[in-house]
Amino acid sequence: MNSIDIESKKFLGQPKNFVSIFNALLFDGQQLLKSEYLKDENSELVMNVSSKHVDIIKRYEDGTYLDLFVIESQSYVDPSMVARVMEYESVARMRYIRQNFKKHVPMHTRLPMILTVVLYVGESKWNAAKRLSELEIIHPGFEDMFNEFKLNLIELNTNHKYNTGEKATQDFFDLLRMIYRKQILKEDLDREFNRDALYFAYVVTKNKELLSIYQKNEKGDVKVCRALDEMFEESTNKGIQMGIKQGIEQGIEQGVERGVKNTQIKIAINMLVRNDQTLEEISEIVGLDLDALKELKKNI
């Protein structure tokens, strides 16, 4: 298990943090799902399935399975992720049926709902399919028969601002957006962030400034934004200076090339005026192609 896996379970596995992810996606932060109604799921179902796909699984009071996939970067995203989630949910349902019913499911029985959320915390754009229809070929005339399936996907590198309704996860979401967009809003400059959210954001982004701030503050909420703003400004200034330097170097290089070209033309004109060598010979001496020399000769 890598550091992302460990810290994901430690931070997002906390009941209030866990349920807030689902409230953010489903209810825009309204606390309709309550953390006190969650319980850890240690059944055979979870043990058999989670090792393959799922990071964190909990069960709600009404029996609903809440499953959270955490994906750290695009390199870890299977292009067929939507099919993987479908597979997981199908396997989970069949295992539930086999464990709870000896022969067949009684008439009018309703199975627990399985609700899966994919939390993508990477910086690069999500480029895998979000719907099954984006992955499969649907031939004309079969659209009405096709059974659609879509990911419940949270992307933290977009302009969309999620409302989690819980300070720790809201701070984590906002920190990642700030770092990926390299932008601090004026009203956030003196904002204090949850220390655990700060550390988890460091683990995800590997941003050394976050680690430095975390280590300097041993407890309580932490002010982060002014240090990040200075870091972004310094990074921008370095980019500008690098651009200026590259522009100057490119200008010098182009100037030298232009000077060489002008010298070649002057020598070629003198040789054409003397008219004691063939175009092929002049071309070989000065390095201009025959078409250019023919054009020069017309204008002499």
Closest approach of [X] to [Y] (non-hydrogen atoms, all atoms of both residues):
| X | Y | answer |
| --- | --- | --- |
| Ile114 | Arg93 | CD1-CG, 3.5 Å |
| Ser20 | Asn17 | OG-O, 2.7 Å |
| Phe22 | Leu115 | CE2-O, 3.7 Å |
| Leu135 | Ala83 | CD2-CB, 4.0 Å |

Test side chain to side chain donor-acceptor pair (under 3.5 Å), reference Thr164, set Thr169, Asp174, Asp28, output is Thr169
Does [X] [atom1] have over 12 foreign heavy atoms under 6.0 Å away?
| X | atom1 | value |
| --- | --- | --- |
| Gln31 | CD | yes |
| Lys161 | NZ | yes |
| Lys206 | NZ | yes |
| Lys167 | NZ | yes |

Quick check against the 3.5 Å criterion: does [X] have a side-chain atom that pairs as donor or acceptor with the backbone of [Y]?
| X | Y | answer |
| --- | --- | --- |
| Arg195 | Asn217 | yes |
| Lys58 | Gly13 | yes |
| Tyr180 | Thr158 | no |
| Ser212 | Glu209 | no |

From CA spacing to verdict: salt bridge (Lys or Arg N to Asp or Glu O under 4.0 Å), Asp196, Lys10
CA-CA 10 Å; Asp196 291 339; Lys10 187 185 298 184; over 6 Å; no
Please report the interatomic distance [atom1]([X]) to [atom2]([Y]), rounded to the nearest 0.5 Å.
| X | Y | atom1 | atom2 | result |
| --- | --- | --- | --- | --- |
| Glu166 | Asp171 | CD | CG | 9.5 Å |
| Asn163 | Phe27 | CG | CZ | 13.0 Å |
| Glu61 | Leu38 | CD | CG | 10.0 Å |
| Leu68 | Ile154 | CG | CD1 | 8.0 Å |
| Ile21 | Leu26 | CD1 | CG | 11.0 Å |
| Leu156 | Glu123 | CG | CD | 12.0 Å |

When you compare the side chain of [Y] with that of [X], does any pair of heavy atoms fall below 4.5 Å?
| X | Y | result |
| --- | --- | --- |
| Val222 | Tyr214 | no |
| Val118 | Trp126 | yes |
| Glu155 | Lys130 | yes |
| Lys9 | Ile56 | yes |

Review point. Given the rule in the side-chain contact (heavy atoms from CB on, under 4.5 Å) test, do Arg181 and Asn159 qualify, once you have shown the distances and angles that lead to the verdict?
Key: CA-CA 9 Å; Arg181 298 174 67 192; Asn159 290 328; 3.6 Å; yes
(Q) Check for me, please, whether Met113 and Tyr88 land in the same ILVMFWY cluster - side-chain distances under 4.5 Å, paths through other members count. (A) no
Ring geometry between [Y] and [X] (parallel below 30°, tilted from 30 to 60°, perpendicular above 60°):
| X | Y | value |
| --- | --- | --- |
| Phe200 | Phe172 | parallel |
| Tyr162 | His160 | perpendicular |
| Tyr96 | Phe101 | perpendicular |

In short, side-chain hydrogen bond (donor to acceptor under 3.5 Å, both in side chains) pairs touching residues 139-149 with sequence neighbours left out are Ser133-Glu148
>> Can you see whether Tyr120 engages Ser124 through a side-chain donor-acceptor pair at a distance of less than 3.5 angstrom?
In response: yes
message: Looking at Glu87 and Arg84, is there a salt bridge between them, counting it only when a charged N and a carboxylate O are closer than 4.0 Å?
response: no
